[in-house]
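Here is how names work: the chains are called A, B, and so on, in the same order as the sequence lines, proteins then strands, and each is numbered from 1.
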Amino acid sequence: MSNNQLIVHIPDEQPHDLHHQPTVTVFASSINPKHANQIVRRLNQIAPLGDLRHVKRIWKKVLEGGQIELSVVLCLAYEGDNQLDDVPPHLQEMISSYQLSPFITNVCKFEATSKEEWQEQCKFWPTSYHPRTYSIDGITGFSEEDSDSVLKFMQSAVELATSDGLVNVVNAAVIVDPSAKQIISTARDQVFIWNTCKDDSCYRKPDLLSCHPISNRLDPQKPMHLRSSCNHLKQSYTNVACLYPGQWTEQQSHSQSSYYCHPLRHAAIVAIEASAARDRRLFPNNEGSKEKYLELDHESHSTSSPSKRQKTGCATVMDNDKLNAHSQTSNQIEDNDKLNAHSQTSNQIEENDNLNPNLLSARPYLCTGYDIYLAWEPCTMCAMALVHQRIRRIFYAFPNPKTGALGSVHRLQGEKSLNHHYAVFRVLIPEEALHKCHTSVSEAEETGI
Amino acid sequence: MTSPDSLVFMELAIQQAKLAMDALEVPVGCVIVEDGKVIASGRNRTTETRNATRHAEMEAIDVLLEQWQKNGLSMTEVAKKFSNCSLYVTCEPCIMCASALSNLGIKEVIYGCSNDKFGGCGSILSLHLSDAVSPNKGFKCVGGIMATEAVLLFRTFYEQGNPKAPKPHRPLAHQAST
């Protein structure tokens, strides 16, 4: 199996079975083409389509011999009500004045989310389809190189989740700048070990690179066993904060310790905090950049609502360009050479990132352009925190059926009202990976490697 | 529900929001009340911290978690405390904060204006309602208390814009957000 097949895009909307998309029944009628304009204008007044705006009002069929047949949607037909009696009076008048002969037909209930869905929909009745206006790398697939890098970062998140042994598996987060393939911050859940020290010096520098080099321990080429055979792995992972956000009440307090419990310090929240602390450390002078990111903030607000977006189509395009340029995440394939050069320099920057002036121009607004890798699908709180911090892509390994907010219970990537949308991917690694990387870490410790 | 007390507490939340505005932050503020007494307050600090999760609610919650544990309370006792607390906040808690408040098991939330973009207490999601799937208990929630004042703060904030912002300035009458 190729690596890029292990990365599955989790779409904005619950995907429908392509050939069994939900439909609703409507009254339709064929009409005389001469009356089409009048009829459609009148219908839009007396029977607007409301939630069925994606359904085309008129279906134009070209019959054999070039003859044209037009049909229109009149109105919704409610279930079990195939009689015309309940059709509104205005519509009744219209039906009789144009001598229409209504019939029942099906139209698709929801707007198509893909070209394939749209093509299937049009077999019932034509609909309109608006592909999303923004694109995020990976939605249409990953190159081998990119998927290798995704798998390695995911592996480091899973290793981090198990770095305190299998009895204390927690969720873990790794925030990455994909353009430089550089780790920005890492965190484990800190629900039970909250250090209240507010000083920046308390935020440890990311130690993942030094302690747990990104390795190939987890061989993605190995066959998948998503149902683990090891029974002891069937543990409930009760310390994983996003899986059990209410578990904190069970915790005994640490007496005589500088650590407290903090029910909300889930890995994603802590990683966001660490990336913000890094930003303050690297760019202590906020003046110049503040202007820049306030401006960006405003722009991202302006693209927030679909209605606004329609009105300012031009501005949206500009906005995307600027954002891409700003965070240096523009088309990775095109800029491969440049990126290679860039990632070399940023490896050096990692050593001493305070000094490189090039970074100043690359300073992103919050986490714009950054990716996060999480062992488990985040809960609602964490998923929304990642919206606020403008994360570009989320990768998770294991689903969170009870509280997951990226497809399991909620689907924040598809909440249209939000002012930012990330793309979400699941990386298919077996649950055994948790066990494997634990044993390899402890073996390495034992043998002193 | 608009008891004289809740107006007093909401007025204090608005004072917090004004502090945020003075610091060029989006003006949202809150107070947490236990047994008729304000025990914590908070205001938005997202710009200062460059951490967009530092909403007023999160600030106030952190104060209490630290204080209670310094006083030797166990987590069971902390949970019991939260279940006796009311939060007064000038704007409907966002999805993140509503989810956090639900995890903490707060008793009730009283908010000012609704939050049409991010609201987690009815506007976008209804995280204050308990449901069979999620393990959360939910909390009581009342909106619209001194909403006009809260909206006025947002309007003032977005109209004044940022004097240092590059031209063109923020458009006037920008929609409120937290």
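A:Ser417 is not listed as a side-chain neighbour of B:Asp116, based on a closest heavy-atom distance of 4.5 Å or more. Two residues are said to be in side-chain contact when any heavy atoms from C-beta on lie closer than 4.5 Å; B:Lys117 and A:Leu418 fail this criterion. When side chains are defined from C-beta on, B:Thr76 does not count as touching A:Thr249, because their heavy atoms never get closer than 4.5 Å. Within the 4.5 Å cutoff, the side chain of A:Pro263 has no heavy atoms near those of the B:Ile61 side chain.
Between the NE2 atom in A:His388 and the SG atom in B:Cys97 there is a gap of 6.5 Å [rounded to 0.5 Å]. Atom CE of B:Met96 sits about 6.0 Å away from atom CD1 of A:Ile269, to the nearest 0.5 Å. How far OG of B:Ser99 is from NE2 of A:His410: 7.5 Å, rounded to the nearest 0.5 Å. Rounding to the nearest 0.5 angstrom, the gap separating the CG atom in B:Leu65 from the SG atom in A:Cys261 is 9.0 Å. Atom OH of A:Tyr260 and atom CE of B:Met75 lie 11.5 Å apart (nearest 0.5 Å). Remark: B:Met58 CE to A:Leu264 CG distance equals 5.5 Å, nearest 0.5 Å.
Across all their heavy atoms, A:Ala385 and B:Thr53 have their closest contact at CB-CG2, 3.6 Å. Considering every non-hydrogen atom in both A:Met384 and B:Ile95, the closest pair reads CG-CB, 3.6 Å. What you find for A:Glu273 and B:Asn51 is that their closest heavy atoms are CA-ND2, 3.5 Å.
The contact between A:Leu412 and chain B is made entirely by side chain atoms (from C-beta outward), counting heavy-atom distances below 4.5 Å.
A:Gln389 places a side-chain N or O within donor-acceptor distance of the main-chain N or O of B:Arg50, the cut-off being under 3.5 Å. Judged by distance alone, with hydrogens and angles left aside, the side-chain atoms of A:Trp248 form no donor-acceptor pair with the main-chain N or O of B:Ala79 at under 3.5 Å.
A 6.0 Å sphere centred on CG of B:Asp5 holds more than 12 heavy atoms belonging to other residues, nucleotides or ligands.
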